[in-house]
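In listed order, ligands and their atoms are each counted from 1. These values consider heavy atoms only, across backbone and side chains, with no hydrogens, waters or symmetry-generated copies. Heads up: numbering here begins at 1 and tracks the sequence.
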Amino acid sequence: MDIEAFIEEAVADLRSRIEGKAIVAASGGVDSTVVACLAHRAIGDRLIPIYVDTGYMRKGEGENVKGIFKDLGIDLNYVEASERFYKALEGVIEPEEKRKVIGGTFIDVFTDAAGETDAEHLIQGTIAPDWIESGGGIRDTIKSHHNVGGLPDELGLDLIEPIRDLYKDEVREVAKFLEIPVHDRQPFPGPGLAIRILGEATPDRTRIVREACHIAEEEILKGAQEGYYEEPWQYFAVLLPVRSVGVHGDLRAYGYTIVVRAVYSLDGMTAAYCPIDHKVLDRISRRISNEMGEEVTRIVYDITNKPPSTIEWE
Ligand code: XMP
């Protein structure tokens, strides 16, 4: 792919298509940061980047994103919407329904924000695997990616997806070229930690999986830096609502199960589980047990490839 030509064309397209203001859904991930940068080049301050705190973000994510946009010289609007998402997901268990509820809530939040700013366009960082796996034409719906499945028919905003034909590795190349500091960050799904909690994604379970994810990320990255293995493409933790009996101190505990997952992949379409060294797995296990107390009584490692599994559990 000719990166420079792609950027030039994308910026020119955005410039000619956008009249007035446009909002961009900025999550701080590589996809949305790339489209924010392209759009900022195209229309400057008429771009309104919005970061939505869904309550399902990773530890420190909000501050991180603020820092990234500050360094890029783009003003970021921070919308706190945790309660709205938690409420919308109350009682929602089925993965596809969860994705659709999240997508719908995202669009509601953006429609409100657009109303306040007179924007007429919504720019999203949808990439090829998002819509391929969301089913289209001859393909089966594997998962409704939040930025595809949740769109209502009458969006009321002109939807623009400048990188919808790119794969993740290509987006990363574009990011590198644009000197975006997130170019080597691991992917994080739009629906966030909500799809890393099987069953109901309550605030309490979110707190637990956020901490477990943080520990897994830190230790797996550290293990790679120490040379035990190549840094995986993606690595995180998942909470299963399966409780098992354990002991904490001298007392019986009855806590959740945490799954640690780490995979190698090129574009997210296929993946191989990463043979994480047992020394590192042991550190993760001890840290989760010590730091998270009786809420987690079982920690397991996922050894499935994609296919037959997907990378995320929902
Ligand atoms: P799966 O789980 O489908 O994931 O094997 C492939 C890659 O896509 C990410 N993913 C998403 N990204 N919105 C996104 O922006 C989504 O709804 C979504 N679902 C999965 C996943 O983290 C992996 O990198």
Side-chain angles (χ1 to χ4, degrees), residues 24-36 51-52 54 56-58 61 65 85 89 92 94-107 110 122-136 139-151 159 161-164 166-172 175 182-198 201 209 213 216-217 220 231-238 259-274 302-314:
V24 63
S27 69
V30 63
D31 307 338
S32 64
T33 309
V34 163
V35 295
Y51 172 82
V52 179
T54 63
Y56 293 108
M57 311 312 285
R58 284 173 297 186
E61 195 106 48
V65 178
F85 277 86
L89 282 176
V92 179
E94 204 278 318
E96 270 303 286
E97 194 193 342
K98 209 185 251 182
R99 284 174 167 274
K100 287 188 175 143
V101 170
I102 294 169
T105 311
F106 250 110
I107 294 298
F110 275 108
L122 171 63
I123 307 174
Q124 285 201 126
T126 312
I127 63 170
D130 295 343
W131 57 267
I132 291 173
E133 293 201 340
S134 291
R139 299 177 199 273
D140 191 23
T141 300
I142 310 289
K143 298 181 182 183
S144 300
H145 280 222
H146 91 278
N147 38 11
V148 180
L151 293 180
L159 180 68
E161 297 175 317
I163 55 170
R164 64 174 279 119
L166 302 195
Y167 283 86
K168 199 80 184 183
D169 50 326
E170 296 171 324
V171 182
R172 287 214 170 122
V182 293
H183 67 83
D184 52 0
R185 261 176 52 135
Q186 61 160 317
F188 185 63
L193 298 175
I195 56 161
R196 293 181 178 172
I197 298 165
L198 274 71
V209 81
C213 240
E217 279 192 24
I220 290 173
E231 185 182 339
W233 193 74
Q234 200 169 4
Y235 41 106
F236 53 90
V238 175
V259 180
V260 178
R261 179 131 172 91
V263 296
Y264 291 126
S265 177
L266 262 185
D267 55 14
M269 298 296 284
T270 59
Y273 81 84
C274 172
D302 182 347
I303 53 164
T304 23
N305 299 324
K306 173 182 181 176
S309 299
T310 51
I311 296 176
E312 305 287 348
W313 274 51
E314 289 194 334

Task: 4.0 Å heavy-atom contact, Arg99 with ligand 1 - done: yes

Task: For Gly268, atoms of ligand 1 separated by under 4.0 Å from a heavy atom - done: 6 (C)

Open item on the list: I need the contact type for Met269 against ligand 1. Using non-hydrogen atoms and a strict under-4.0 Å cut-off, is it side chain, backbone, both or neither?
Closed with: neither

TODO: For the residue pair Ile311 and Phe236, establish whether any side-chain heavy-atom pair is separated by less than 4.5 Å.
DONE: yes

Open item on the list: Under the rule for side-chain contact (heavy atoms from CB on, under 4.5 Å), what residues qualify as partners of Ala237, not counting sequence neighbours?
Closed with: Ala212, Cys213, Ala216, Ile258

Open item on the list: I'd like to check the salt bridge (Lys or Arg N to Asp or Glu O under 4.0 Å) partners of Glu217; sequence neighbours left out, ordered by chain and number.
Closed with: Arg58

Task: Side-chain heavy atoms of Val35 within contact of Pro162, under 4.5 Å - done: yes

Task: Polar atom proximity, Gln234 to ligand 1 (N or O, under 3.5 Å) - done: yes

Open item on the list: With heavy-atom distances below 4.0 Å as the criterion, list the atoms of ligand 1 near Thr310.
Closed with: 1 (P), 2 (O), 5 (O)

- [ ] Identify, by atom number and element, the atoms of ligand 1 in contact range of Pro191, meaning under 4.0 Å from any of its heavy atoms.
- [x] 13 (N), 16 (C), 17 (O)

Task: Contact check, Trp313 vs ligand 1, heavy-atom distance below 4.0 Å - done: no

Open item on the list: Any nitrogen or oxygen of Arg196, side chain or backbone, less than 3.5 Å from one on ligand 1?
Closed with: no

Open item on the list: Any heavy-atom pair between the side chains of Leu89 and Tyr56 that's under 4.5 Å?
Closed with: yes

Task: Ligand-residue contact atoms, ligand 1 with Trp233, heavy atoms, under 4.0 Å - done: 24 (O)

Task: Any Gln234 side-chain heavy atom under 4.5 Å of Cys274 side chain - done: no

- [ ] Check whether any side-chain heavy atom of Ile163 sits under 4.5 Å from a side-chain heavy atom of Thr126, and report yes or no.
- [x] no

Open item on the list: Counting C-beta onward and ignoring hydrogens, is there a side-chain heavy-atom pair between Phe188 and Leu193 closer than 4.5 Å?
Closed with: yes

TODO: Show which atoms of ligand 1 fall inside a sub-4.0 Å distance from at least one heavy-atom site of Lys306.
DONE: 1 (P), 3 (O), 5 (O), 6 (C)

- [ ] Within a distance under 4.0 Å of any heavy atom of Pro187, pick out the atoms of ligand 1 and give their elements.
- [x] 24 (O)

TODO: May I ask whether Pro129 places a heavy atom under 4.0 Å from ligand 1?
DONE: no

